[in-house]
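Since the structure comes first, as structure tokens, the remarks are kept for the end.
Since the model is a prediction, treat every value here as computed from it, not as a measurement.
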Amino acid sequence: MLDIKLLRNNPERITEALKLRKMDTASISKFADIDSSWRKLTSEIDELRSKRNEASKQIGILKKNKAEAEAQAKAVGSKKLGDKIKELEEKRRGGEEELNKILLELPNIPHNSVPPGVDSGDNLEIRRVGKPPCFDFTPKPHFEIGEKLGMLDFERAAKVSGSRFVILKGLGAKLERALISFMLDLHSKENSYTEVFPPVLVNQKSMIGTGQLPKFEDDLYKCSDNMWLVPTAEVSVTNIHRDELLKADQLPIKYCAHSPCFRREAGSYGKDVRGLIRQHQFNKVELVKFVDPEKSYDELESLTLDAEKILQKLGLHYRVVELCSGDLGFASAKTYDIEVWFPSQGKFREISSCSNFEDFQARRAGIKFRRDAKSKPEFVHTLNGSGLAVGRTLAAILENYQKADGTFEIPDILKPLF
RNA sequence: GGAGGGAUGGCUGAGUGGUUGAAAGCGGUCGCCUCGAAAGCGACUAUGUCGGAAACGGCAUCGGGGGUUCGAAUCCUCCUCCCUCCGCCA
């Protein structure tokens with residue numbers, strides 16, 4: 001959520017930001033209209049309430065002094081004030097709801113450093129690490145390798161659940177588990193994240209807190225009792241500190257978590273229909289930070305490096321891309337995508353997305369901290385990034401470590417886990 | 001699922017219709033004391049919002065919504081969460 005004051009005092013800045021994201025700016029002027037009448041009504045209501053409070057106070061005193069008749073007379077006038085207040089409040093309520101809706105559906109403002117652009121074509125490559133493997137044969141796609149080796153069973157998964165599901169078997173299941181372990185160990189031991197194992201079924205407030213709702217309901221699985229399956233552990237983990245006032249010396253708070261993630265992938269028909277790339281359910285290890293606003297951009301750099309470390313240790317070729325304004329996620333102010341090399345496709349595919357949300361999520365979720373004893377609470381900055389998407393990592397290993405005979409090598413770093 | 005109990009400021013915890021934004025304690029900040037510190041003493045110490053350069057003032061907020069009343073932390077009602085007991089269950 002954006003700062004409502006910014007919206008009032010500097011709507012040009014937000015209009016500008018929306019344009020960068022190629023979004024409709026109509027809601028800005030709509031907001032201004034409703035807001036000004038909301039504020040006018042509010043000051044009228046406040047004034048009337050002030051009068052009524054004064055009258056009530058006096059009635060109290062009169063009653064104490066046994067001046068019943070006077071008290072009665074005053075109560076009549078006060079009742080009228082009350083009716084008027086109720087009427088104005090009713091009038092205000094509709095606008096209030098609309099303002100809130102607009103506010104909750106406005107995306108974050110891109111950071112100054114974010115390159116302007118319309119889509120992924122305008123993203124900026126920051127660095128390339130490692131080298132693509134050389135094959136003296138045509139590299140196969142990961143799903144062919146996995147199916148042939150009995151590690152991946154898409155057909156039966158379709159029977160059990162539907163399309164975009166997979167059953168990992170034998171070595172496949174074991175490799176998945178090893179990867180989760182490896183990632184969590186590295187982040188908790190070397191990168192000093194606290195490991196957490198969060199719920200994957202969350203309430204609506206949590207989904208609003210991180211920005212999935214109300215705008216992206218179509219992407220989510222909704223269960224009964226107004227509970228939702230998380231599309232990423234970011235939701236569960238960021239909301240750990242919802243409506244909390246943290247102490248400055250607690251920051252930065254760093255969590256890593258593995259969770260299954262659930263996405264409906266509505267509107268992605270025909271995209272990556274085969275293989276592990278785009279599943280309705282997949283495992284992911286997530287990194288989440290709560291930090292001092294002044295340090296959040298340094299923290300974004302280090303978080304990205306923490307995620308990269310996994311790929312380096314696995315010996316996978318990758319690049320880091322800075323998302324342009326048009327490709328930026330709803331809640332993000334700045335995002336680096338890490339893309340891993342897929343030999344069968346001859347291109348890089350996203351395996352991690354590391355973002356600084358600044359105070360956008362903190363404001364929605366009410367996550368504050370007090371700088372020192374004398375200062376007022378301020379919103380923290382939240383960040384998160386995949387470290388990494390496990391299914392895609394497994395796919396990348398199959399492809400990059402494949403051999404001519406259709407088998408593949410387990411990366412050295414994982415061997416102790418087998 | 002059934003029966004009870006509870007939710008108050010950074011924390012603990014009083015408060016059952018009237019000048020209560022809220023006692024007390026803890027914690028914190030500042031001052032006095034001291035060579036310095038501890039202890040002691042004193043003052044200050046919620047958030048949001050509107051107006052204001054500020055001082056300050058209005059309004060709202062005692063888990064959340066709705067209601068009763070001139071007036072609600074306090075009464076009624078619905079909801080959420082927590083605790084205890086019973087049932088069921090991995």
Self-check item: 5'-most by nearest nucleotide on RNA chain B - Ser375(A) or Lys205(A)
Solution: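 Counting from the 5' end, the first nearest nucleotide belongs to Ser375(A).
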
Exercise. Between Lys376(A) and Glu90(A), just flag the one whose closest nucleotide in RNA chain B comes earlier from the 5' side.
Key: Lys376(A)

Exercise. Kindly say if Lys80(A) contacts the phosphate of C70(B), meaning a side-chain N or O under 4.0 Å from OP1 or OP2.
Key: no

Practice problem: Answer yes or no: does a side-chain N or O of Arg370(A) lie under 4.0 Å from OP1 or OP2 of U47(B)? | Solution: yes

What is the separation between atom [atom1] on [X] and atom [atom2] on [N], rounded to the nearest whole Å?
X         : N      : atom1 : atom2 : answer
Glu44(A)  : A60(B) : CD    : C1'   : 17 Å
Leu48(A)  : C70(B) : CG    : P     : 17 Å
Arg52(A)  : U69(B) : CZ    : P     : 12 Å
Lys57(A)  : U69(B) : NZ    : C1'   : 18 Å
Ile59(A)  : A72(B) : CD1   : C1'   : 15 Å
Asp372(A) : G27(B) : CG    : P     : 19 Å
Leu88(A)  : C50(B) : CG    : P     : 19 Å
Lys51(A)  : G71(B) : NZ    : C1'   : 18 Å

Please measure how far the [atom1] atom in [N] lies from the corresponding atom in [M], and state the result in whole Å.
N      : M      : atom1 : result
U77(B) : C86(B) : P     : 28 Å
A73(B) : G67(B) : P     : 15 Å
G52(B) : A39(B) : P     : 46 Å
A60(B) : A22(B) : P     : 14 Å
C83(B) : C33(B) : C1'   : 48 Å
G21(B) : U61(B) : C1'   : 9 Å
G25(B) : G40(B) : P     : 13 Å
G28(B) : C85(B) : P     : 37 Å

Quiz item: Could you go step by step and tell me if Val237(A) and Glu286(A) meet the side-chain contact (heavy atoms from CB on, under 4.5 Å) rule?
Solution: CA-CA 9 Å; Val237(A) 177; Glu286(A) 187 74 0; 5.9 Å; no

For [X], does the [atom1] atom have more than 12 heavy-atom neighbours from other residues, nucleotides or ligands under 6.0 Å away?
X         : atom1 : answer
Lys309(A) : NZ    : yes
Gln312(A) : CD    : yes
Lys51(A)  : NZ    : no

Looking across every strand, which nucleic acid part, if any, lies under 4.0 Å from [X] by heavy atom: base, sugar-phosphate, or nothing?
X         : result
Leu245(A) : sugar-phosphate
Lys86(A)  : sugar-phosphate
Lys74(A)  : nothing
Ile45(A)  : nothing
Asn203(A) : nothing
Lys63(A)  : base
Ser50(A)  : sugar-phosphate
Ser78(A)  : sugar-phosphate

Practice problem: Classify the ring geometry between His241(A) and Tyr255(A) as parallel (under 30°), tilted (30 to 60°) or perpendicular (over 60°). | Solution: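 Rings of His241(A) and Tyr255(A): parallel, under 30°.
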
Would you give me the side-chain donor-acceptor pairs under 3.5 Å for residues 61-83 of chain A, sequence neighbours excluded?
from	atom 1	to	atom 2	distance (Å)
Asn65(A)	ND2	Ile61(A)	O	3.4
Lys74(A)	NZ	Gln58(A)	OE1	3.2

Self-check item: Shortest non-hydrogen contact from Arg349(A) toward Ile277(A)
Solution: NH2-CG2, 3.8 Å

Practice problem: Could you provide the dot-bracket string of RNA chain B, using ( ) for intrastrand pairs, [ ] for crossing pairs and | for bases paired to another strand, with Watson-Crick or G-U pairs below 3.5 Å? | Solution: ((((((((.[[[..)..(.....]]]((((((.......))))))((((((....)))))).[[[[[..)....]]]]])))))))....

Practice problem: Go through the steps to decide whether Glu322(A) and Lys334(A) satisfy the test salt bridge (charged side-chain N to carboxylate O under 4.0 Å, His left out), and finish with yes or no. | Solution: CA-CA 8 Å; Glu322(A) 183 174 352; Lys334(A) 185 183 177 85; 2.6 Å; yes

Consider the side chain of [X], meaning its heavy atoms from C-beta on, and name the nucleotide among [options] that approaches it most closely.
X         : options                : answer
Asn53(A)  : G18(B), C59(B), U49(B) : C59(B)
Pro377(A) : C50(B), C70(B), U47(B) : U47(B)
Arg8(A)   : G71(B), A60(B), U49(B) : U49(B)
Arg49(A)  : G66(B), G71(B), C59(B) : C59(B)

Exercise. Could you tell me whether the side chain of Leu276(A) reaches within less than 4.5 Å of the side chain of Phe282(A), counting heavy atoms only?
Key: no

Practice problem: Using side-chain contact (heavy atoms from CB on, under 4.5 Å) as the criterion, list what pairs up with Lys86(A), not counting sequence neighbours. | Solution: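 side-chain contact (heavy atoms from CB on, under 4.5 Å) check on Lys86(A) returns nothing, list empty.
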
